[in-house]
Amino acid sequence: MPDVHVVALCGSLRDRSYTRLALEHALRGVEAAGGTGELVDLREYDLPMLDADHDEQGDSAALKQVVREADAVLLGTPMYHGSYSGVLKNALDYCGFDEFDGETVGLLAVAGGSFPVTALEHLRSVCRSLNAWVIPHQAAIPRAHSAFDDDGAFRDEGVEERVLTLGRRAVGFANIEQDPATFESAQNEGAKN
């Protein structure tokens, strides 16, 4: 699928971020499927905590434009306290239906311990409330501290394949016919205000 552009939002600010590393692998899957990929490193954006009384703050307009222009979006997060990171939450709070309505979204989460399932579930709910189309395949990386070798390669081929598949699916489903609006999106009053 030529001309499919996928952006990957990294919800981690760490210098050696396993989330960022995993998203880089997912973007290799995007390229293998014939698309182009772009890592959106939120460390490079000035995004103060959202103040709903102000339409735009810091680099929020630039972030929204990058997301809006993408054909598909990958959301990557470390699991914090059973959910996704505040960094990613704040970035998503700046976005709304203009960025995500009908958008194809892929989910990736890493955890220091066992599988980050609840972080993925919470992100799926947020995306549904914005009427995004979430790829059924998702990538979970447990025990991230031991998932990569010193060169940043995956130690487990099965985990690597799941992450690469997420990137390929983002390209393959980027132009999927969208479903009617979800019930959740109709109830999302905050995004309409």
Side-chain angles (χ1 to χ4, degrees), residues 1-47 59-60 62-80 83-96 98-111 116 119-124 126-127 130 132-141 144 147-148 152-154 159-176:
M1 301 199 92
D3 302 320
V4 170
H5 185 66
V6 179
V7 298
L9 272 66
C10 181
S12 172
L13 301 180
R14 287 187 158 189
D15 286 335
R16 179 161 165 73
S17 165
Y18 299 121
T19 304
R20 191 174 308 107
L21 198 53
L23 285 172
E24 289 169 355
H25 283 273
L27 290 174
R28 290 184 191 125
V30 167
E31 292 170 4
T36 61
E38 175 184 359
L39 180 69
V40 177
D41 190 340
L42 294 175
R43 297 178 302 173
E44 298 172 2
Y45 288 79
D46 172 28
L47 295 174
D59 296 329
S60 63
L63 173 68
K64 292 192 306 187
Q65 181 176 350
V66 168
V67 173
R68 200 170 32 252
E69 291 176 353
D71 297 302
V73 176
L74 300 177
L75 300 177
T77 186
M79 185 167 81
Y80 291 149
S83 192
Y84 59 99
S85 71
V87 171
L88 186 57
K89 171 70 170 130
N90 191 51
L92 292 174
D93 284 346
Y94 279 107
C95 298
D98 288 343
E99 290 72 37
F100 283 98
D101 186 22
E103 187 76 74
T104 296
V105 177
L107 305 177
L108 178 147
V110 304
L120 292 166
E121 290 172 351
H122 294 170
L123 277 175
R124 188 170 297 275
V126 168
C127 292
L130 292 171
W133 189 88
V134 184
I135 298 168
H137 176 85
Q138 58 191 15
I141 304 165
F148 300 93
F154 278 108
V159 173
E160 179 181 26
E161 183 56 31
R162 287 192 65 75
V163 172
L164 291 170
T165 297
L166 181 66
R168 291 192 302 264
R169 295 292 184 265
V171 174
F173 290 119
N175 295 312
I176 192 168

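Just so it is clear, the values below take in all heavy atoms, side chains as well, and ignore hydrogens, waters and symmetry mates.
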Residue list, side-chain contact (heavy atoms from CB on, under 4.5 Å) with Ala170, at least two apart or on another chain: Val6, Ala72, Leu74, Ile135
N/O donor-acceptor pair under 3.5 Å between Ser85 side chain and Pro78 backbone: no
Non-hydrogen atoms of Val134 and Cys127 that approach each other most closely: CG2-CB, 3.4 Å
Set of residues satisfying side chain to side chain donor-acceptor pair (under 3.5 Å) with respect to Glu24, sequence neighbours excluded: none
Lys64: partners by salt bridge (Lys or Arg N to Asp or Glu O under 4.0 Å), with sequence neighbours left out: none
With sequence neighbours excluded, residues passing side-chain contact (heavy atoms from CB on, under 4.5 Å) with Tyr94: Leu47, Pro48, Leu50, Gln57, Ser60, Asn90
Those residues that, when tested against Gln138, pass side chain to side chain donor-acceptor pair (under 3.5 Å) (two or more places apart): Arg124
Closest non-hydrogen atom pair between Val4 and Ala174, with its separation: CG1-CB, 3.6 Å
Residue pair Leu92 / Glu99, side-chain heavy-atom distance below 4.5 Å: no
Note, Tyr84 side chain near Val126 side chain (heavy atom, < 4.5 Å): yes
Counterpart residues, ring pair (Phe, Tyr, Trp, His ring centres under 6.0 Å), relative to Phe148 (two or more places apart): Tyr18, Phe154
Any side-chain heavy-atom pair of Leu63 and Leu42 under 4.5 Å: yes
Results of salt bridge (Lys or Arg N to Asp or Glu O under 4.0 Å) for Asp41 - residues two or more places apart only: Arg20, Arg43
Rounded distance (nearest 0.5 Å) linking atom CG of Leu75 with atom CG of Leu120: 10.5 Å
Heavy atoms of other groups near Asp15 CG, more than 12 under 6.0 Å: no
Residues forming a salt bridge (Lys or Arg N to Asp or Glu O under 4.0 Å) with Glu160, sequence neighbours excluded: none
Which atom of Gly11 lies closest to which atom of Thr19, heavy atoms considered: N-CG2, 4.4 Å
Atom of Val163, atom of Ala26 and distance for their closest heavy-atom approach: CG1-N, 3.5 Å
Within 6.0 angstrom of Arg14 CZ, more than 12 heavy atoms from elsewhere: no
Over all atoms of both residues, closest heavy-atom pair of Phe100 and Cys95: CE1-CB, 3.7 Å
Residues forming a side chain to side chain donor-acceptor pair (under 3.5 Å) with Arg168, sequence neighbours excluded: Glu161, Thr165
Those residues that, when tested against Ser12, pass side chain to side chain donor-acceptor pair (under 3.5 Å) (two or more places apart): Ser17
Derivation and outcome, side-chain contact (heavy atoms from CB on, under 4.5 Å), residues Ile141 and Arg162: CA-CA 9 Å; Ile141 304 165; Arg162 287 192 65 75; over 6 Å; no
List the atom pairs, with distances to 0.1 Å, where a side-chain N or O of residues 28-36 and a protein N or O form a donor-acceptor pair under 3.5 Å, not counting sequence neighbours.
unit_1, atom_1, unit_2, atom_2, d
Arg28, NH1, His25, ND1, 2.9
Arg28, NH1, His25, NE2, 3.4
Thr36, OG1, His5, ND1, 2.7

Nearest non-hydrogen partners of Gly106 and Leu166, listed with the distance: CA-CD1, 3.9 Å
Asp93: partners by salt bridge (Lys or Arg N to Asp or Glu O under 4.0 Å), with sequence neighbours left out: Lys89
Leu123 vs Leu88 side-chain heavy atoms within contact, under 4.5 Å: yes
